[in-house]
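Read the structure below first, then the notes.
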Number of protein chains: 2
Amino acid sequence: MKKRVSIKDVAKRADVSYQTVSKVLNDKAHVLPETAERVWQAARHLGYRPHHNARNLRAQRSRMIGYSWVPEKPNQANHILDMFLTSMVEVAKAAGYHLLPFPYREGDDGVVGYRELIDTGRVDGFILSSMNYEDPRARFLLEQQFPFVAFGRSNPEMDFPYVDVDGASGLQLATEHLISQGHRRIAVLAWPEHSRVGDDRLQGYQAAMNAAGLPTDPDLIARGENNFERARDAAGRWLTWDADRRPTGIVALTDIMAIGAIHAGQARSLTIGRDLAIVGFDDAPMAQYLWPPLTSVRQPTREAGRKCVELLVALIEGKELAARQVLLQPELIVRQSSSLIK
Amino acid sequence: MKKRVSIKDVAKRADVSYQTVSKVLNDKAHVLPETAERVWQAARHLGYRPHHNARNLRAQRSRMIGYSWVPEKPNQANHILDMFLTSMVEVAKAAGYHLLPFPYREGDDGVVGYRELIDTGRVDGFILSSMNYEDPRARFLLEQQFPFVAFGRSNPEMDFPYVDVDGASGLQLATEHLISQGHRRIAVLAWPEHSRVGDDRLQGYQAAMNAAGLPTDPDLIARGENNFERARDAAGRWLTWDADRRPTGIVALTDIMAIGAIHAGQARSLTIGRDLAIVGFDDAPMAQYLWPPLTSVRQPTREAGRKCVELLVALIEGKELAARQVLLQPELIVRQSSSLIK
DNA sequence: AAACTGTAGGCGAACGTTCGCGCGAACGTT
DNA sequence: AACGTTCGCGCGAACGTTCGCCTACAGTTT
């Protein structure tokens with residue numbers, strides 16, 4: 001392992017003081033072009049790279065962004081993480097920052113991990129994902145006045161910069177799509193109450209129904225855990241109804257639940273897409289290989305990652321933000337589970 | 001934002017020199033128990049945390065581990081990343097390290113990203129994943145004699161510490177499972193040549209066939225790209241064969257390809273699991289919700305992450321390694337795509 | 001009483017930077 | 001010729017640590 005080359009080595013070679021090297025390399029201060037060139041050549045020749053720890057110690061910053069997310073349970077994929085992380089790292093790198101990922105297990109150590117990272121000077125700011133109402137991390141960081149950006153929203157009265165995908169709009173697209181296919185009785189597989197994301201998405205369903213002048217029958221809204229079995233059973237119950245009451249379309253708040261509904265329909269020998277139209281949310285990569293391929297709402301993941309980092313960097317560096325809060329529009333990917341046209 | 005509390009603040013409060021505080025807190029050097037207690041109390045009272053940048057600058061290390069992986073294409077999920085990352089971060093944290101993730105796009109900047117991280121003192125070691133033959137990253141790091149651990153293997157003659165999942169063993173399990181279900185003509189959906197992982201897995205298929213005294217017909221080995229369409233078409237071709245030649249079981253090197261095979265079978269109205277048995281590899285979370293649920297080989301992801309970090313930390317700190325190379329055994333998850341018993 | 005031993009804790013230096021002050025030289029102005 | 005300005009660059013200090021050496025004092029031995 002070779003020895004690092006420091007600013008002093010460059011100085012020796014260029015025959016100037018090491019402080020002058022610093023100035024030249026950061027092009028501060030007036031220096032003769034000829035001296036500057038000598039320094040640059042020496043630096044290039046020795047392959048000099050500034051030592052980040054030293055630079056950051058001096059500058060009292062870390063150029064690190066803490067990224068906190070809640071890991072999924074083992075049998076549920078987080079298919080977003082790869083792309084989200086990649087996108088954040090790339091944008092951060094371009095701005096001279098690196099990412100420090102740390103998983104956040106609920107009830108774990110609460111907020112002490114954050115305090116630790118702040119107090120030890122590890123990070124200059126945070127990006128939080130997996131947000132919900134009353135998020136303790138957001139509360140803590142607001143109180144500490146420490147820079148952060150959330151991917152997702154929390155209580156309306158908590159005012160902080162965020163990036164979010166408009167889930168209401170996503171479910172509205174999904175519902176409108178079914179309506180445009182001629183469906184009138186549309187059910188929704190929703191989440192339990194007290195979920196920020198769940199409420200948001202559900203609201204989009206209701207907006208679309210209202211806009212089309214369709215009644216929103218409370219019996220057509222099934223709230224419950226976000227898993228396959230629960231959704232399958234709830235959908236199965238709807239399908240036992242008489243033909244004149246039974247929903248012909250189902251929108252689900254997630255793909256997993258949509259798949260539950262597909263199974264319920266197939267168990268009753270319905271042809272999905274014709275007898276029963278189903279739309280999911282998330283556009284999991286495997287959704288396209290299901291039978292039938294699943295219509296789903298896709299989030300602009302790369303864009304979200306980019307925006308989070310851009311906002312945070314601006315915040316850290318005290319620049320003006322064009323917008324403190326960004327709402328991105330999702331996209332509906334139509335496949336055969338909701339339409340036979342294809 | 002409150003001001004950081006440094007060792008000097010503690011010193012002032014405990015009425016000793018700041019160097020003594022350092023000694024007490026790292027408990028080396030003889031100090032009166034009474035003085036030590038005074039220092040500890042002051043530190044606790046002020047909420048002192050050592051500043052990592054300063055500490056690391058002094059110690060000439062970063063306590064950071066670079067983690068490099070190749071991001072998946074947009075429509076292919078990396079369902080492993082979440083768990084793998086979480087597991088690494090947690091183990092690293094326990095050992096006093098943090099993770100620095102950086103995606104590696106092939107042909108991108110080649111190896112300069114690594115040089116950069118080394119030269120700027122950002123990391124003490126690397127964990128590489130997405131390995132293949134002739135891996136340029138491994139070559140470079142070996143040449144630099146910089147500590148690293150690979151998740152996956154490369155050429156046999158390149159000697160470096162690695163953790164890998166025994167893919168051969170995985171495919172052997174899969175193949176043996178089909179044999180035990182009474183299948184005799186078993187086909188395999190493999191990858192193109194020159195893939196370390198692909199060769200490894202394929203070898204397991206052959207080993208199982210040989211061990212059972214079954215012939216390995218070259219026509220039953222379809223090499224090609226790892227995607228749905230290619231696998232579906234290849235499987236479709238087998239299914240046009242006469243009943244006495246046609247394979248009754250198919251093992252695939254990945255779940256995506258297994259799904260392709262399922263579609264091919266269903267397109268010919270075969271009942272998967274009875275008329276045609278199919279086994280995948282990876283155990284993607286959605287695989288269980290396919291119809292029929294997919295039998296697949298599951299990798300011990302958490303364990304792999306743990307081992308990688310343990311090895312690397314030992315390497316960095318110059319400790320003795322129990323084993324420089326670790327091969328973990330995968331597990332076969334039997335579902336209905338390969339067996340009607342369930 | 002001088003010399004030795006041991007202990008508590010202070011002090012200076014160093015890790016690799018950046019930053020602002022200030023000095024000397026060259027040049028221009030009165 | 002004396003003075004002011006500008007320019008180029010060196011110098012000291014600081015960021016928060018750790019480390020090894022040094023000192024002062026007390027107790028013990030000769």
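In what follows, chains carry the letters A, B, and so on, assigned in the order in which the sequence lines appear, proteins first and then strands, with residues in each chain numbered from 1.
Ring pair B:Y162/B:F160 is perpendicular by interplanar angle, where above 60° counts as perpendicular and below 30° as parallel.
Counting only distance, with no hydrogens or angles, the side chain of B:S68 and the backbone of B:P103 share no donor-acceptor pair below 3.5 Å. In this structure, A:R4 contributes its side chain and B:D119 its backbone to a donor-acceptor pair below 3.5 Å. Panel note: side chain B:D124, backbone B:S62; a donor-acceptor pair is recorded below 3.5 Å.
The heavy-atom pair separating A:L57 from B:N53 by the smallest distance is N-ND2, 4.2 Å.
Comparing D:dG8, D:dT18, C:dG9 by their closest approach to the side chain of B:L32 singles out C:dG9. Nearest nucleotide to the side chain of B:H51, out of C:dT18, D:dG8, D:dT17: D:dT17.
Nucleotide D:dG10 holds its C1' atom 12 Å from the CG atom of A:D15, rounded to whole Å. Between B:K12 atom NZ and C:dG10 atom C1' the separation is 16 Å, expressed in whole Å. Atom-to-atom, CZ of B:R63 to P of C:dC15 comes out at 20 Å; the value is rounded to the nearest Å.
Between the OG atom of B:S129 and the CG atom of B:D164 there is a distance of 11.0 Å, given to the nearest 0.5 Å.
Contact annotation: A:Y48 reaches the phosphate of C:dT17 (side-chain N/O to OP1 or OP2, under 4.0 Å). For C:dG16, the OP1/OP2 oxygens have a side-chain nitrogen or oxygen of B:Q60 closer than 4.0 Å. Within the structure, a side-chain polar atom (N or O) of A:T35 is placed less than 4.0 Å from OP1 or OP2 of D:dC9. One finds a side-chain N or O of B:S17 lying less than 4.0 angstrom from the OP1 or OP2 phosphate oxygen of C:dG10.
Residue B:H30 is the one, among B:H30 and B:L57, whose nearest nucleotide of DNA chain C lies closer to the 5' end (criterion: closest heavy atom).
Every stem involving DNA chain C, taken as at least 3 paired positions in a row under the Watson-Crick or G-U wobble test at 3.5 Å, is listed here: C:1-30 with D:1-30.
A salt bridge between B:E90 and B:K93 is absent, with no side-chain N of the basic residue lying under 4.0 Å from a carboxylate O of the acidic one.
Note on A:R49: only backbone sugar-phosphate atoms sit closer than 4.0 angstrom, heavy atoms only; bases stay farther off.
When ring centroids are compared, A:F140 and A:Y114 stay outside the 6.0 Å threshold.
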Please enumerate all protein N or O atoms sitting under 3.5 Å from an N or O of nucleotides 19-27 of chain D, with distances to 0.1 Å.
{"from": "D:dG20", "atom 1": "O6", "to": "B:K23", "atom 2": "NZ", "distance (Å)": "2.8"}

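Applying the side-chain contact (heavy atoms from CB on, under 4.5 Å) rule to A:T120 yields the partners A:E116, A:R122, B:R49, B:H52; only residues at least two apart in sequence or on another chain are considered.
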